[in-house]
Amino acid sequence: MPHCLIASSNKHTTIEVVINREKMTSSCWNRFFCGLVFLCFGFLGLIASPAEAAIKKYQFDVQVKNVSRLCHAKSIVTVNGRFPGPTIYVREGDRVVINVTNHAQYNMSIHWHGVKQYRNGWADGPAYITQCPIQTGSSYTYDFNVTGQRGTLWWHAHILWLRATVYGAIVIMPKQGTPFPFPQPHREAEIILGEWWNVDVEEFVKKANNLGLAPNTSDAHTINGKPGPLFPCSEKHTFVMEVEQGKTYLLRIINAALNDELFFAIAGHNLTVVEVDAVYTKPFTTQAILIAPGQTTNVLVQASQASGRYFMATRPFMDAPVPIDNKEATGIFQYRGIPNTVLPSLPQMPASNDTSFALSYGKKLKSLNTPNFPANVPLKVDRKLFYTIGFGKESCPTCLNGTRFVASLNNISFEMPQVGLLQAHYFNLKGVFKTDFPDRPQTPFNYTGAPLTANLGTSTGTRLSKIAFNSTVELVLQDTNLLTVETHPFHLHGYNFFVVGTGIGNFDPAKDPAKYNLVDPVERNTVGVPTGGWTAIRFRADNPGVWFMHCHLELHTGWGLKTAFVVEDGPGSDQSVLPVPKDLPPC
């Protein structure tokens, strides 16, 4: 039986939601679950003052389950047997306690993408950065506070390519009594965009790495784990959202794909963007959104068209000569009372290589910047960093062509350690990493000129950059034509940052900073560096610890397109890394 258990104490309120989902239809389940969650929140509002935090407890059992898609059945790694995994529902200010027990054959770690984890890198999740993975048969409890954040984030496996199936949404409601800064929606839904391979993902990635080749592109994209009726054997594997005429809906859209930036649109309906990466934006209306792996976007959509069935669709954006899975996944936006026999119409999507749409869409994203939700952009910069993004090849005698691909920042390909970097920092272990990552490339060149294919002498190492506590940082990420230009979504753990500038071609330090937006730039945790261009971000380093920064294309991360920042402790007693949890997984 479903029930909502609420226990109150002087300091916290604990909520546990326990549900038996057997024999419930998809639409019935969606309506029921949303109702139950908000019923729980309603009870919480009655017994807990707005200033009082709740403790939300979840049990995540990592387990293998047989799943069928596209006429193929295979075993996949899941959380609690669900694909996608369960949604985490919390309020701003809550404490979240998630016990993860690993029953699968692979080591596991889970990252709570976009949660700032102040002083608490132990709960961040990337394997060998802030923890060693949870081994088969073992458990680890991620215990963290959600402070000063509200909106849509997500969680995913952060080891190997396991996030292909191990992912889910995080919904952070505003504090009790605090309204959205946009019209209250009638209902909301999570829309998680993903990728599907018919073969075992870990097996084919291992095989490709051994041969020095890029792994195959996915066989389909998915919406909430389902490719939609345009694919074979997929009528029943279609996400359907039922809507009522005249009502407004909030869609919490997440790109959980491994390697593809994606467009998303609904036929005949405009989307009003109101938030990205759990930060409110100035609202703007668009026919389609562009969302990179790791990013989230909240949109309002009005069910104001003629009652019918309309396809929601997603397909990739790629404006570089790189192979992609260009097939379109679909779900159905269905008005109540319309029979399933009515054929849906497809939305008009931007062309897959529509650079101008991508750039103009990015320029429309601006912080709300109101007294309640200010954009605290650092105006003075203490530390300026300039990182080039490049590809290369290194010798590999056992590989098919005698070489394999590597990816680098400032011509350094990151080598993963065998112990967690945060432990090494906290316990001052020697020989695990160096803090000599260069602030700029050793040899400047025409970064986006003719393709450079000569031996580039890319080095490898576990080299980090040390940042003084509370210093302000400007980082310019510059794409290069080392082998090829390409777009790269970069994610910084432990922080949000402001995207103060972007451009095509080489960054000009003499002219480009004058064009920065220092008033209301968009604030987020994952940003796309345009193909053959640059992006400038700023942040204040007020969160001590070791924080991963990497391309969120899994292919490039595996090739070494990553690094980390060591942010030093501050002078105050509440400005240092928290003590090590007792159950931190051993290395």
Side-chain angles (χ1 to χ4, degrees), residues 74-77 104-109 126-129 132-133 135-136 157-166 195 197-219 258-260 293 320-325 388-421 431-434 437 451-464 480-486 488 548 550-564 587:
K74 68 170 185 175
S75 296
I76 64 170
V77 181
Q105 71 271 39
Y106 300 103
N107 287 345
M108 177 56 65
S109 71
Y128 300 107
I129 306 296
C132 286
Q135 296 174 18
T136 303
H158 213 304
I159 183 170
L160 307 172
W161 282 41
L162 290 170
R163 73 177 183 86
T165 55
V166 180
E195 289 182 87
W197 283 263
N198 288 329
V199 296
D200 184 298
V201 175
E202 294 307 323
E203 283 299 316
F204 85 73
V205 170
K206 190 173 163 187
K207 191 177 291 183
N209 288 341
N210 289 340
L211 293 173
L213 303 174
N216 296 339
T217 58
S218 53
D219 294 294
L258 275 78
N259 295 307
D260 291 335
V322 175
I324 55 168
D325 166 16
T388 57
I389 302 162
F391 295 120
K393 290 183 179 181
E394 66 178 8
S395 175
C396 173
T398 60
C399 293
L400 198 61
N401 300 313
T403 60
R404 66 179 163 211
F405 289 107
V406 293
S408 65
L409 290 166
N410 285 352
N411 212 24
I412 299 163
S413 187
F414 190 81
E415 190 172 344
M416 291 296 282
Q418 296 303 304
V419 300
L421 294 176
V432 177
F433 65 86
K434 295 179 180 177
F437 191 91
L452 296 166
T453 56
N455 187 342
L456 306 164
T458 304
S459 65
T460 59
T462 312
R463 299 171 66 181
L464 281 58
T480 71
N481 211 348
L482 297 174
L483 298 188
T484 180
V485 289
E486 191 177 338
H488 299 276
F548 205 19
H550 59 96
C551 179
H552 219 277
L553 305 181
E554 211 59 41
L555 182 63
H556 297 170
T557 304
W559 288 348
L561 195 49
K562 50 196 171 187
T563 185
C587 296

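Remember, predicted model here, so these are calculated numbers, not experimental data.
- No donor-acceptor distance shorter than 3.5 angstrom exists from the side chain of Asp325 to the backbone of Thr217, with no hydrogens or angles considered.
- Judged by distance alone, the side chain of Lys393 and the main-chain N or O of Arg404 form no donor-acceptor pair under 3.5 Å.
- Using a distance-only test at 3.5 Å, with no hydrogens or angles considered, no donor-acceptor pair links the side chain of Thr458 to the main chain of Asn411.
- Classification of the His556-His488 ring pair by plane angle, with boundaries at 30° and 60°, yields tilted.
- Residue Pro126 comes nearest to Ser109 through the heavy atom pair C-OG, 4.1 Å, listed as atom of the first residue, atom of the second, then distance.
- Counting only distance, with no hydrogens or angles, the side chain of Ser459 and the backbone of Ile412 share no donor-acceptor pair below 3.5 Å.
- Ring pair Phe548/His158 is tilted by interplanar angle, where 30° to 60° counts as tilted.
- Nearest heavy atom pair, residue Leu561 against residue Ser408, reads CD1-O, 3.2 Å.
- Proximity of Leu555 to Phe405: side-chain heavy atoms (C-beta onward) are nowhere separated by under 4.5 Å.
- For the pair Met416 and Tyr128, the tightest heavy-atom approach, listed with the atom from each and the gap, is CE-CB, 4.0 Å.
- Using a 4.5 Å cut-off on side-chain heavy atoms (C-beta onward), Leu464 and Phe437 make no contact.
- Annotation: the span from Thr136 atom OG1 to Tyr106 atom OH amounts to 10.5 Å, rounded to 0.5 Å.
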Requested in this report: Before giving the answer on side-chain contact (heavy atoms from CB on, under 4.5 Å), spell out for Ile76 and Lys74 the whole-Å C-alpha distance, their side-chain angles and the decisive distance to 0.1 Å.
Outcome: CA-CA 6 Å; Ile76 64 170; Lys74 68 170 185 175; 3.6 Å; yes

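- Classified by interplanar angle (parallel below 30°, tilted 30° to 60°, perpendicular above 60°), the ring pair Trp197/Phe204 is tilted.
- A 4.5 Å side-chain heavy-atom check between Ile159 and Asn107 finds at least one atom pair inside the cut-off.
- The CD atom of Glu554 lies 5.0 Å from the OG1 atom of Thr557; values are rounded to the nearest 0.5 Å.
- Considering CG of Asn259 and NE2 of His552, their distance stands at 11.0 Å, rounded to 0.5 Å.
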Report task. Could you go through the side-chain contact (heavy atoms from CB on, under 4.5 Å) check for Cys399 and Leu211 one step at a time? Result -> CA-CA 4 Å; Cys399 293; Leu211 293 173; 5.8 Å; no

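- One finds the CD1 atom of Ile129 at 8.5 Å from the OG1 atom of Thr462 (value rounded to the nearest 0.5 Å).
- Proximity of Pro293 to Leu553: side-chain heavy atoms (C-beta onward) are separated by under 4.5 Å at one or more points.
- In terms of modelled atom types and a separation under 3.5 Å, the side chain of Glu195 and the main chain of Leu258 share a donor-acceptor contact.
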Requested in this report: Could you walk me through whether Asn210 and Thr398 pass the side-chain contact (heavy atoms from CB on, under 4.5 Å) test, one step at a time?
Outcome: CA-CA 8 Å; Asn210 289 340; Thr398 60; over 6 Å; no

Requested in this report: Begin from the C-alpha positions of Thr480 and Val485 and carry the test side-chain contact (heavy atoms from CB on, under 4.5 Å) through to its verdict.
Outcome: CA-CA 6 Å; Thr480 71; Val485 289; over 6 Å; no

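- Rounding to the nearest 0.5 Å gives a distance of 9.0 Å between CG of Leu400 and OG1 of Thr403.
- Here the side chains of Leu409 and Ile389 are in contact, with some heavy-atom distance below 4.5 Å.
- Remark: the backbone N or O of Leu162 is paired with a side-chain donor or acceptor of Glu202 at under 3.5 angstrom.
- Between Phe391 and Thr484, some side-chain heavy-atom pair lies under the 4.5 Å cut-off.
- Interatomic distance, Thr460 OG1 to Arg463 CZ, rounded to the nearest 0.5 Å: 10.0 Å.
- Within the 3.5 Å criterion, the main-chain N or O of Trp559 finds a donor-acceptor partner in the side chain of Ser413.
- Here the side chains of Leu452 and Asn481 are not in contact, with every heavy-atom distance at 4.5 Å or above.
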